[in-house]
Structure formats: C-alpha cells, structure tokens
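Just below is one structure, and these are the notes that go with it.
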Amino acid sequence: MASIYPFQEIEKKWQEHWDKEGTYRAEDLPAAEKSKKFYGLIEFPYPSGEGLHVGHPRSYIAIDLMTRKKRMEGKDVLYPIGWDAFGLPTENFAIKHKIRPADATAKNVANFTRQIKSLGIGFDWSREINTTDPEYYKWTQWMFLKFYGSYFDAVEGRAKPIDLLAIPQSVAEQGEEATKRFRDEKRMAFKTATKINWCPSCKIGLANEEAIGGVCERCGTTVEQRTKEQWMIRITAYAQRLLDDLVGVDYLEKIKAQQINWIGRSEGAYVDFDVTAGSGLLPDKLAVFTTRPDTLFGATYMVLAPEHEMVARWIEGGLIENVTEVETYKTQARGMSELQRQENKEKTGVALKGLMAINPANNEKIPVWIADYVLAGYGTGAIMAVPAHDERDFEFAQKFGLPIVQVVAAAEGDETRGLPFTSLGVAFNSGILNGLATDEAKAKMIEWLAQNGCGRGAITYKLRDWVFSRQRYWGEPIPLVKCQKCGWVPIPEDQLPVTLPDVEKYEPSDTGESPLAAIRDWVETTCPQCGGSAERETDTMPNWAGSSWYFMRYCDPHNDKAFADPEKLKFWMPVDLYNGGMEHTTLHLLYSRFWYKFMWDLGLVPHECSSEPYAKRRSHALILGEGGIKMSKSKGNVVNPDDVVKEYGADVFRVYQMFIGPFDQDAPWDTHGIEGVKRFLEKIFVSYDSAIEKNYFISPEKTDEDLVVLYNQTVKKVSNDIEGMKFNTAVSALMILSNKAFEKFGTTADFMPKEMSEGFLKIFAPFAPHLSDELWHKLGHTTSIHREPWPQYDPAKCMSATFEMVVQVNGKVRDKMEVSADISEEEAKAIALASEKVQAFLVGKEPQKIVYVKGRLVSISV
RNA sequence: GGGCCCGUGGCGGAAUUGGUAUACGCAACGGACUUAAAAUCCGUCACCGCAAGGUAUGUGGGUUCGACUCCCACCGGGCCCACCA
C-alpha cells in the first residue's frame, strides 16, 4: 500500500513537463495591454549554506497559489525568482573554508534551486537573476553612478542630473575648486566623514538600521562608534515623499506604521539661543530643535549632546571653567555603547560652568549642560529643557535641582501628565499665548520667533542618510576612482561593470579597509578623465543595493543595453503583490521605494509606471518548531523541507503549509497535522482514479441538489479565500466538498458529475499542482490544467431551496425547523410561534417583540 | 514609556463581519476488518447532568430581540519602536 499515491513519480513527471512546456513563462506584451498583467513577487532569498528553511516556502507557495489563480483567470502572470547573493554570511563561510565566495554562492544557489524546484512552484525560471552576476551588478553600479551624478532640487522636490544644478554667482566667482566643492556637496551620493556604527567582530561599518539597539544585526556584538569616510546616499531628501506616498499604496496597516515610524517626522521649530561667557556674548548662537516652541517660556536650562561640536569649540576656547570634569564626562559617554545607554536610564550630566544661554523669550540667563540623554544625531544635538512639560527634562531637573517653570497657556490641555511639581516655579504667563490651544500656541510662537529673528518653524525627520559603504569583499565595488588631480571620477558607463578581482584572503583588516585594498594591481589604475594615476574605491556596497531594484530587472532580465527596456517596465510595473517577512518591512521596503522613486524622477523608470514600486504589500508570519518555539539549530527542532518532500511529496507539503493556520500568524509545525493532509490527498487521488477508470461520473440531472449547492459554495469560497489570502479556510472548504462528494463514493454514493469533478480539480490545482495535472490528464485532457480557465460559480445555486430556521426565545435557541428559502416574514413568524417547543418557553405570555432575519432565524422576546 | 495585535475544546484553529459558537484538521476513545498490527472504514468527542435542561469564547460591566464580534474598565500574552526634544 506504500504507493497508494505515487507522488515521487507524478511530481517528477510534471515538474519536467512544465519546464519543457514553459507553462509558467511570462510573456512581455505591449504596454497598452497592461490590464492583462499580474506581477506577483516574493522577496528573493539569500542563498545561505544552510539551505531552504520550512519558513521560506510559506511565502512562495502562497503567492504561487495567487498567481496560479490569476493565470487561470487569463492574466499574463510574472512570478519570478532570483538570488540576493552578496553578503556577509557567504563571505564568512568562504573565509572559514578557504574557498572563493563566488564558488560558495554557486553551490548554495544550486542547492536552493533544487529545493525550490522540488516544490513545484510556478516560477518563471527563464528570468532567474543573481545580484552577484557581473551582468546584474553592472547595473547596480550604473545606478549608483546615477545617484552620484544627481542632486536633489528642493524646490521641485525631486532629483535631477547634477549638470542642471544652478551654481550661485557667489560660488562661481570663487573659481573652479569652489564650484566643484559646491556641486559635490549636493550630490545624491557623496563621500563624507561620518560617525559610523562599527562592529568590531565583523569589522564592518553598519547603517543605523543594522545596529538597532546598539548591537550588530548579524552577530550581536556591541557596536562601537568610529569616524570614517563613507559613501552616503541622500535618502533624507525623500523623507516627505516616502511618507506622503504611503497614502496611495495598499500595505498592511502595521507595515505603513513601521514606515511612518522609521521616517519619524516631527513638526516644530528651530530656536537660536545666545550664549554668554562671563560678561561677553559669544559669536555663535546655539540652535535647538523643539516640537513645543509654545513652551519656550518654560525653558530653564539647555542641554547639549556630549559630542556636540560646540562643546569642543568652547573647551578649545578656554571658556569652560570645569574642563576636566567636562572632558571626563565626554570620554565616559563616548565609551558607552547605545545598549548601555539604554539600559541605564538614570540621568547623568555635567554643567558647563562659566557659560550661560539666554532664553530669547524672556532674556533670562539659563545654565548650559551636557548630558547623554540628548542624542547627537537628532535635531541639532542640543535641546532647550522645559522640565515642566517634558518628562525627561523633569527627571533631569529634579536630580540636579534645576528650576521648573510651568507655562500657563501651554499647560492647558497638557494636563502636565500629573507630574508632582513639588518645586514648581513661578507660573509664568507670557501674555501672547493666553487662552490658546497647544497647536495655536505653537503656531503663534513660531510666528513670534521669526519676527524676532531668533528661530523658525521646521520639520525634522528621524530618518538618516544611508551609509552606503562597506569595507568588505563580497559586494558590488563602488565604481569610482580617486585621481590625485581630478578627485573622485566615476568609471565611464561603457567600462562597467567594475568586477571583483580574485583575492588571496578575504579577511577584512583591523584598519577598517576592505580586503580589496590589498590588491594593489586592482587598486592602482588610471583616471578615466585625465589618464593620470588613480586609485579605485575599495569600499563595496551594502547588501541592500542589489535588492533595491531587482523587481525591475525581472521585467527584462537579459537586457545588455539597459537595466530594463522602458516598454517592458511600462507593461509590468508596478508589482501588483509583494510578499515577504515582517523583518524586511522597514529597511528593504524603504530603501527600494526610495531607489525606485529616484529612478522615476530621472525618467529612468517611465512615468507611466506608478511612482511607487509595490501596489500591495503583505507579510507572512513564521513557521515555529513543534510546541510553538522558534526553530533553531541549537534547539534541534529545525524541519528540513527536503525531508518532508521526500516523505510526503510536494503537494502534501504545500497543502499543509497553507492549512497550518492564518497566513499572517505564526504557526507551529505539527508532524501529525501533515498526516491529515496526506490522507486528504490520497483520498482524492484514489477516488478520482477509480471513478475515471470505471467511468462512474453521475449525470448532472441525477445529481443531488445539496451537492450542487455545496459545489457552487465551495468554488465561491475558495475563489474569495485565495484572493483574501485566507488559505487555511480555503483548504478546509475543499476538504468539506471532498468529504461530501466522494468520501462515500463506492459505498453509498456515485461520483460527482464530470463537469464538477473537473471544476474541483481546477480550484484545487493551485494548491496541489502535480496531483491536479495528473488527474486532469487522466480525465482525457492533453493540455495543462494550469492554463485552464478558472471555474465560475452560479450565485443562484449557492443557496438551497430550504434552510434550517432557528427560533430563539429571549435570545436562546429553542427550536429549529426546515423551511422554504422564500418563506415570507409573516409565514416565518407564524410557523415559529406555532412550534410546541417555542410555546413551552413562552409560558402563555404575549410576545413583546418578534424579529425575523431573512434566511436565518426568528427571535421572540417576552 | 509609545504604537500595533491577540486571548475560543486536550492541540492548530473556524464563525457568512451583530444572527444556530466550537467548521476543517490533529490527538484521544469505542467499534468493524485482521491470527495480529499498520492502513482503511463506521461512530463518540466543550463542560455539568440519566434526562429535561443548564453553563461556557481571559475577567467585570454596558449597548441590543440577539455579542466571540461593538463600547468601557481590568487581567494575561505577543510583536515593533523607544531618552527622537
């Protein structure tokens, strides 16, 4: 009985067949036929050495189902796959095993390919891409040069070629050097000395996004701060558009919230404070950002981040009396990691003795402090402290005995958060804010600041510019050279790609230079501009680069003249449905949206395409280990898809993955659960097999009405559920129909009529493509079921002629009766009241109210 | 601290979006077939009760003819963000 359902044979046969026939191949049509296309996308995997995890296929199978249905509905479906293969794990693996990263990648890709193909997913393999392929990263480099060759026009709010940048007269007059500098400072990609998060273990600079919580995202080591010249991309220029355009896309709400949160817009004002040392006014004002300019009257001290450049300048100028104390605090703060800082929320700080700031609102002198609760990277790195209206300031003021002054007008509606203002100062009423709500008071103050020349309204974002340099080998080389004479010079387009040279050792150096720096004959080159000697940039791009535009390459993956033909982009873009893990909904999503918008601005992506790359974004949840704990090698509860496919076959694996639970909810793997699905598929196979062999299909006229109704309901439910990504209930609906339709087949019932049998197979085909195509052919067809039209249901046949009407008395079910579907309200009520059971509960009382719900129930209250 | 989400059988979960709570699957139990086991098939399966009936969707209130669903409070759990001025 082992081969009751010979899946090995069947699945192999159909996979080969589809491959040969190009069943899942997408066809490039003219842009005018755009309404016919459907572009489904899954996050392309990183081909790790560990192979496919059972979590990966959840996404692939789900989108496979949806695209299969679209295909059957006549859409021209693009469902591609590729490899996001640059990155650290491969490089580290290569270092450890002393092999080339490219070889490790090739091996891993081959393994992933075999695994994914064994699942029968309808990918168009003819469009397979790999970010580490020079033919691919040539375009990643080309796009980087577009960033380099562009600036952001703040007035128009979009990127433009740098040639169009207007050079102010005053700059032009200073000569070529100044002009060049001016231009370089405006570029969308620019190199600058920045504080970077340095992972001492990976020996790599990390973007803020990769160092969340002060630890390296990859290895968990506490990151250090280092200063380094790094390539940056000006994503901040797009902050507002990245925010605004979320309105027009269909993302899960929580994903939108994450994007909004990360961009972190705040409205407020910059306020300039004069600073005095002794009796003299210092030349430079101290600027702060505040979201509550209306509380300016309550600012009783200032706080700067310890690393604020003005502090250094004041120390240098000998203006600070307690230099030693200040220096000690600065050193301490520098040594503290983000993590330690977060763990230790106790406020610390040091007053800068000898300095006072002047509150422009009331000309009062207020002390200036440094404290690590003020972050250097946000706003101006300095704040005006309003302890009466800010909890952190309050805490600090309490600890150091600083005055607390409540602003009366602003306090209204503010409730002051119920803080115990034991040392509450004079209630200061400015007069101008009298009776205003907070928002009005804010606007009023901004106006006042502008009039008095000590501030202006402003909007800030938490979003930082994108640190684009990595000091690593296994990434796209940044395609510029540094010429002694010309400065940074881009590699001409026709010389791209700049390929990675073979290297003896891939270990990064402690100096923080990429391993490429050691390859002198690669580094030493000539300047494309002047022909003089020049050195190549040895930094490589981050992992995010290749994945920021891959969905465009799928539209035209073999093009060697352009990253993609604009006509093909016009046809395929935007992606109709994008699915991936929640772990990529902040960074990758933000970067790729930004990248795309930039390309769109330059017209490299035709304007006929949407200004957003993904029309719809959904995310799947995790597959957990048995018992609901996360799968991990150390716990030894990792389920290998290979083993499952070997034991149960791809179709059982697929159906089980979809049946396991709601798609957006974590679900534990259950070795017993998959058995039930196996029985389900075996039942289908065996029943169809013998029905076909003996031609037991009943004629439509003789078909039981209940079955007709159930069939139509099932087609409807499965159609809707696939669309709504409610795969678990779709599977359940299929099981119900199969139980009813052919569980009793051979004992007490005949098989479904032929047309229904075919319809069932069609709606089942996206779930179990191999089994369905096999049975489809056994039914005598010669073309693939996956190109057949999706079955229609008859809405009139989704309802039976009768229904079970429930009668409630005072909200409790007291009787049920089978009545005609078109029963009138009066009739229904009369029948309900006539029921003996109902009468027993009415105990002779007169009904107060009778409600009839069509097709459902009668509710009587007494 | 902020934001989002979730609490339903022994387990994964369903519930037409305010209308018969517990679909479907797993596990468990009983039976048939078998020398026996597996597989398969037929049944039982929220709780209390012999039954009639009663009680149950984290807890307590509210709205309603009717609440898993809506509102308020509380308890418990999860995820994301977080000294962002």
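Reminder, nothing fancy here: chain letters follow the sequence lines and each chain counts from 1.
Residue A:Asn739 has a polar side-chain atom (N or O) positioned under 4.0 Å from OP1 or OP2 of B:G25. Close to B:G18, at under 4.0 Å from its OP1 or OP2, lies no side-chain N or O of A:Arg856. Between B:G54 and A:Lys812, no contact under 4.0 Å exists linking OP1 or OP2 to a side-chain N or O. OP1 or OP2 of B:G13 lies within a sub-4.0 Å distance of a side-chain N or O belonging to A:Gln665. Residue A:Lys849 places at least one side-chain N or O under 4.0 Å from the OP1 or OP2 atom of B:C65. Residue A:Arg814 places at least one side-chain N or O under 4.0 Å from the OP1 or OP2 atom of B:G54.
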For a quick test of your reading: what N or O donor-acceptor pairs under 3.5 Å do the side chains of residues 811-819 of chain A make, sequence neighbours left out?
residue, atom, partner, partner atom, Å
A:Asp815, OD2, A:Ser835, OG, 2.7
A:Glu818, OE2, A:Thr802, OG1, 2.7

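Side-chain to base pairing of A:Lys254 with B:C79: no donor and acceptor N or O lie closer than 3.5 Å to each other. Put simply, the side chain of A:Glu804 and the base of B:U20 share a donor and an acceptor less than 3.5 Å apart.
Annotated as anti: B:G30, whose glycosidic dihedral deviates from 0 by more than 90°. Classified by its glycosidic torsion, B:U57 falls in the anti category, the angle being over 90° from 0.
Listed nucleotides B:C65, B:G54, B:A15 differ in distance to A:Lys726; the shortest reach to its side chain belongs to B:A15. Closest approach to the A:Asp372 side chain among B:C83, B:G19, B:A85 is made by B:C83 (side chain taken as heavy atoms from C-beta onward).
A donor-acceptor pair under 3.5 Å links the side-chain atoms of A:Ser619 to the main chain of A:Gly580, judged by distance alone.
Across all strands shown, B:U44 is found opposite B:A28 as a Watson-Crick or G-U wobble partner, with both distances under 3.5 Å.
Between A:Leu622 atom CG and B:C6 atom P the separation is 18 Å, expressed in whole Å. The distance from atom CG of A:Asn728 to atom C1' of B:G12 is 10 Å, rounded to the nearest whole Å.
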